[in-house]
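Read through the structure below, which is laid out as structure tokens, and then see the notes.
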Amino acid sequence: MEDKILKWLYDIDSAINEIESYFINEKMDFFEYKKNLMRKRAVERNLEIIGEATNRIIKSDASFTSKINDANAIIGLRNQVIHAYDNISDETLWSILSNHLPKLKSEVQILLSNNN
């Protein structure tokens with residue numbers, strides 16, 4: 001695997017770990033998340049990083065579309081958060097955190113471990 005792709009995979013992994021760290025001292029609760037603007041903005045920023053890194057990986061090696069299952073949706077989310085920020089609901093982001101991020105984390109960790 002090319003070094004630049006490896007670096008972007010580590011960026012994705014790091015952003016996911018950072019998002020998870022926002023919930024270490026409390027359970028993941030949608031209503032608490034919704035009330036905490038600073039946490040919401042931090043999550044959005046990390047989702048932007050995940051989307052941008054995914055975009056760079058796919059542009060560099062299109063075969064990763066099959067290795068990162070929702071690559072196009074991840075990139076689309078990044079574009080939405082940046083360009084259509086006023087159309088993203090808390091419920092949508094919460095669903096991504098709860099349902100999709102754990103799957104992405106697993107995929108990225110497999111790709112990183114296969115590189116060793």
* Give a yes or no on whether Asp29 atom CG has more than 12 heavy-atom contacts from other residues, nucleotides or ligands under 6.0 Å away. => yes
* Check the pair Arg56 / Asp11 against side chain to side chain contact (heavy atoms under 4.5 Å, CB included), numbers first and verdict last. => CA-CA 11 Å; Arg56 291 178 183 188; Asp11 289 345; 5.9 Å; no
* Asked: Could you state the interatomic distance from CD1 (Ile12) to CG (Leu104), rounded to the nearest 0.5 Å?
  -> 6.0 Å
* **Minimal non-hydrogen separation, Lys4 against Ser60, with atom names** => CE-OG, 3.1 Å
* Result of checking Ile68, Ile57, Ile96 against Ile74 for side chain to side chain contact (heavy atoms under 4.5 Å, CB included) -> Ile68
* Is it possible for you to say whether Ile82 and Trp8 belong to one hydrophobic cluster, with membership spreading through side-chain heavy-atom contacts below 4.5 Å? => no
* Structure fact -> So CG of Leu77 and NE2 of His100: to nearest 0.5 Å the spacing works out to 9.5 Å
* **In one Ile/Leu/Val/Met/Phe/Trp/Tyr side-chain cluster, 4.5 Å: Met38, Phe30** => no
* Just how far is it from atom NZ of Lys34 to atom CG of Asp90, taken to the nearest 0.5 Å? -> 5.5 Å
* Structure fact -> Rounded to the nearest 0.5 angstrom, the CG-CD distance for Leu47 and Gln80 is 11.5 Å
* Does atom CG of Asp86 have more than 12 heavy-atom neighbours from other groups under 6.0 Å away? -> yes
* Structure fact -> What one should report as the nearest heavy-atom pair of Lys105 and Asn17 is NZ-OD1, 3.3 Å
* To do: Please tell me if the side chains of Ile49 and Arg45 come closer than 4.5 Å, counting only heavy atoms from C-beta onward.
  => yes
* Structure fact -> Of all heavy-atom pairs linking Leu97 and Pro102, the shortest is O-CD, 3.5 Å
* Greater than 12 external heavy atoms within 6.0 Å of Asp3's CG -> no
* Please report the C-alpha distance between Glu32 and Lys35 in whole Å, then the side-chain angles of each, then the deciding distance to 0.1 Å, and finally whether the side chain to side chain contact (heavy atoms under 4.5 Å, CB included) criterion is met. => CA-CA 5 Å; Glu32 291 302 314; Lys35 289 191 290 189; 3.2 Å; yes
* Shared hydrophobic cluster for Leu6 and Ile110 (ILVMFWY, side-chain gaps under 4.5 Å) -> no
* To do: Could you check if a side-chain atom of Arg78 sits within less than 4.5 angstrom of a side-chain atom of His83, using non-hydrogen atoms only?
  => yes
* Asked: Val108 and Leu112: side chain to side chain contact (heavy atoms under 4.5 Å, CB included), yes or no, with the steps?
  -> CA-CA 6 Å; Val108 168; Leu112 290 172; 3.9 Å; yes
* **Worked check of side chain to side chain contact (heavy atoms under 4.5 Å, CB included) between Asn55 and Asn79** => CA-CA 10 Å; Asn55 189 40; Asn79 293 336; over 6 Å; no
* Asked: Would you call the rings of Tyr33 and Phe23 parallel, tilted or perpendicular if under 30° counts as parallel and over 60° as perpendicular?
  -> tilted
* Less than 4.5 Å apart, any side-chain heavy atom of Ile88 and any of Glu44? -> no
* Asked: Regarding Lys67 and the six-membered ring of Phe64, is the cationic atom NZ or CZ under 6.0 Å from the ring centre and inside 45° of its axis?
  -> yes
* To do: For Asn36 and Tyr22, test the side chains for any donor-to-acceptor distance below 3.5 angstrom and give the result as yes or no.
  => no
* Taking Ser98 for the side chain and Trp94 for the main chain, is one N or O donor matched with an acceptor at less than 3.5 Å? -> yes
* Donor-acceptor pair, side chain of Asn115 and main chain of Leu111, under 3.5 angstrom -> no
* For Thr54 and Ile50, indicate whether the former's side chain and the latter's backbone hold a donor-acceptor pair under 3.5 Å. => yes
* So do the side chains of Asn69 and Glu107 get within less than 4.5 Å of each other, counting heavy atoms only? -> yes
* **Joint hydrophobic cluster, Leu93 plus Tyr85, side-chain heavy atoms closer than 4.5 Å** => no
